[in-house]
Chemist: 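Have a look at this one before I ask anything.
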Amino acid sequence: MDKKRIPLELLLMFSVFVIATCGLIYELVAGALASYLLGDSVKQFSFIIGVYLFSMGVGSYFAKFIKGNLIDKFIEIEILVGIIGGISSVVLFILFNTLAHFEAVLYLFVFFTGCLVGVEIPLLMNILKDRVQFKDLVSNVFAFDYIGALLASILFPLVLIPQLGIVKTPLFFGLVNISIAIFLCFYLKKELSKPVSLRVKSIGAFLLLVILFIFSDRILSFSEEKLYGENVVYTKSSPYQRIVLTRNSREFRLYLNNNLQFSSVDEYRYHEALVHPAMSMAKKIDHILILGGGDGFAVREVLKYKEVKDITLVDLDGEMTNFFRNNETMRQLNQSSLSNPKLKVINKDAYIWVKENSKKYGVIIIDFPDPSNYSLGKLYSLQFYKELERLTTLDTKIVVQTTSPYFAPKSFWCIEKTINQVFPFTSAYHTYVPSFGEWGFSMASFEPISNKIYRKIPNLKFYDYNFSQLSYFTKDMKTNDIEVNRLDNQILVRYFDEEWGKVQ
């Protein structure tokens, strides 16, 4: 008996470590999945964490009512955690486009997973209370618990999402959970009241998750094709976003976190309106800075000007720029712009990069995704434009994509007003892009924007250098009483969520 006491203690302490790691992984997966599918990562992660911690408390409370062979109960709960946590992404991806109350199902998964994880820790402490001194028991359990949580939080963004993706990650950790259960079934068979039943359950659950893991790519492709209604030709989960490229009979479409970024049939209207007004009006265009725009389309348009000596592209996501640099179809669309010797690509957070640099540019083109969450909202903030000011001269022309003035007028004019706090001369304008509807931009400078054209590029598909025509706004694209977007209020994200929420 004495010989067996120490191995069991160590084994169950290791189980605490596994429980904490797996439990936090399931929580992070739920938060990431909610951000991918529902947007507003801060709100989603806040709600997920709150519900998960609450449900752990519920589970911990009800653990005191569990009777009978506690090791049996622990193994059964370990199996349940592995199954529910493991299949969460698969089920949620399949249900997203078919279920009216998707969020309710999402939070049910979080709640049940949290409850089961919450039960496990006090259950283990009850198992060990007669084998370990109380002071050692509590300190050891919580030490292993917190170490496991730290490991999960490091592995999730750096290794798991880039390598396994959002579906395989929970399945893998579900297999880890159930592997612990299988091991305990055989190692502690003399201490179990129903070892055969537990072995059957654990091995059956393990095989189920193995099958789902093997076919997870097909399941994800099936669910995404249902979600987008088109053939999915490329998918990638980077540490920052879910990248999906679809194709139908007439076009390619790129989605980032379920939001359409471009259609190959009309992206030229957007990118010509984004690039050519500023490039034609700037006095000097030898040094160009592009923030965002990892697809290379803005670079393609800039390269049409022979006067350009160098272009710096700063885009956070290396998966994005690598895909558009190396994929043959995308290279055809962007005319291999990301491989041009004039271009330098930097994969870094644009806010940080701007703060660390001081080189002056003749034209700065800002093509960030819409401010659908706070991490993106900071790139439209007053503080960001103040930092950007250091990279400009009196002649620099800056252009920013500013979402739709028709669908989101508060968001549009909020960005315009915020830019105008730093750059005294701004000119809002817009154009129609069939895939998106009416879309807006803002040009800014330290000198009046006089519409004087210094250079023209022949044979553009859309832009005819009639800038004043793009600067006219009808009544339904105007609004009043908007605030400046600051880092400490992020009012823009609230405007955006409110306005686009009505559209969807």
Side-chain angles (χ1 to χ4, degrees), residues 22-59 80-81 83-118 156-157 161 165-171 173-174 212 216 219-220 222-229 232 235 237 240-244 255-260 369-377 407-408 411 490 492-504:
C22 294
L24 188 58
I25 291 294
Y26 300 141
E27 179 185 2
L28 291 171
V29 165
L33 191 63
S35 300
Y36 284 174
L37 299 177
L38 303 173
D40 194 351
S41 58
V42 172
K43 182 177 78 174
Q44 298 303 335
F45 269 101
S46 179
F47 287 1
I48 293 290
I49 291 170
V51 171
Y52 185 79
L53 291 176
F54 167 75
S55 60
M56 285 184 67
V58 172
L80 279 174
V81 171
I83 293 174
I84 294 175
I87 68 171
S88 58
S89 281
V90 173
V91 174
L92 290 169
F93 258 111
I94 292 173
L95 294 180
F96 176 67
N97 205 39
T98 58
L99 196 67
H101 302 288
F102 170 79
E103 287 186 75
V105 176
L106 168 67
Y107 287 108
L108 277 175
F109 265 101
V110 174
F111 180 80
F112 284 121
T113 305
C115 281
L116 292 170
V117 172
F156 185 76
I161 290 300
I166 198 70
V167 170
K168 284 186 176 178
T169 292
L171 286 170
F173 279 88
L212 289 175
S216 60
I219 295 169
L220 183 56
F222 169 76
S223 62
E224 286 186 322
E225 285 179 8
K226 287 184 64 180
L227 173 62
Y228 298 111
V232 176
T235 59
S237 292
Y240 312 106
Q241 57 200 349
R242 176 72 176 169
I243 305 169
V244 177
Y255 296 85
L256 299 180
N257 289 352
N258 200 32
N259 296 312
L260 179 65
D370 285 339
S372 58
N373 58 56
Y374 293 109
S375 61
L376 289 169
F407 294 112
S411 304
Q490 288 274 23
L492 173 61
V493 178
R494 282 179 272 165
Y495 287 152
F496 186 89
D497 188 48
E498 170 193 325
E499 292 177 313
W500 283 102
K502 296 176 182 176
V503 175
Q504 297 169 354

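Quick note: residue numbers are just sequence positions, from 1.
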Chemist: Does the pair F156 and L24 meet the rule for a side-chain contact (heavy atoms from CB on, under 4.5 Å), with working shown?
Modeler: CA-CA 9 Å; F156 185 76; L24 188 58; over 6 Å; no
Chemist: Taking only residues two or more places apart in sequence or in another chain, which ones pass side chain to side chain contact (heavy atoms under 4.5 Å, CB included) with L80?
Modeler: L116
Chemist: What verdict does the side-chain contact (heavy atoms from CB on, under 4.5 Å) test give for F112 and S55, after you've listed the backbone C-alpha separation in whole Å, the side-chain angles of each residue and the deciding distance to 0.1 Å?
Modeler: CA-CA 7 Å; F112 284 121; S55 60; over 6 Å; no
Chemist: For G377 and V493, which heavy atoms make the closest approach, and how far apart are they?
Modeler: CA-CG2, 3.9 Å
Chemist: Can you list everything that forms a ring pair (Phe, Tyr, Trp, His ring centres under 6.0 Å) with Y255? Sequence neighbours excluded, please.
Modeler: Y228
Chemist: Walk me through whether N259 and D370 qualify under side-chain contact (heavy atoms from CB on, under 4.5 Å).
Modeler: CA-CA 9 Å; N259 296 312; D370 285 339; over 6 Å; no
Chemist: For Q490, give me all partners under side chain to side chain donor-acceptor pair (under 3.5 Å), at least two apart in sequence or on another chain.
Modeler: none
Chemist: Would you call T235 and I243 a side-chain contact if the rule is heavy atoms closer than 4.5 Å?
Modeler: no
Chemist: How far apart are the closest heavy atoms of E27 and I49, and which atoms are they?
Modeler: OE2-CG1, 3.2 Å
Chemist: Measure across S216 and L171 and return the closest heavy-atom pair with its distance rounded to 0.1 Å.
Modeler: CB-CD1, 4.0 Å
Chemist: Name the atoms and distances for all side-chain donor-acceptor pairs under 3.5 Å in residues 104-111, with sequence neighbours left out.
Modeler:
{"from": "Y107", "atom 1": "OH", "to": "Q44", "atom 2": "OE1", "distance (Å)": "3.3"}

Chemist: Taking the side chain as every heavy atom from C-beta outward, state whether S372 and D497 have any atom pair closer than 4.5 Å.
Modeler: no
Chemist: Before giving the answer on side-chain contact (heavy atoms from CB on, under 4.5 Å), spell out for Y374 and R494 the whole-Å C-alpha distance, their side-chain angles and the decisive distance to 0.1 Å.
Modeler: CA-CA 9 Å; Y374 293 109; R494 282 179 272 165; 4.2 Å; yes
Chemist: Minimum heavy-atom separation for G86 to Y26, with atom names?
Modeler: N-CE2, 4.0 Å
Chemist: Could I get the full list of side chain to side chain contact (heavy atoms under 4.5 Å, CB included) partners for S89, not counting sequence neighbours?
Modeler: V29, L33, I166, V167, P170
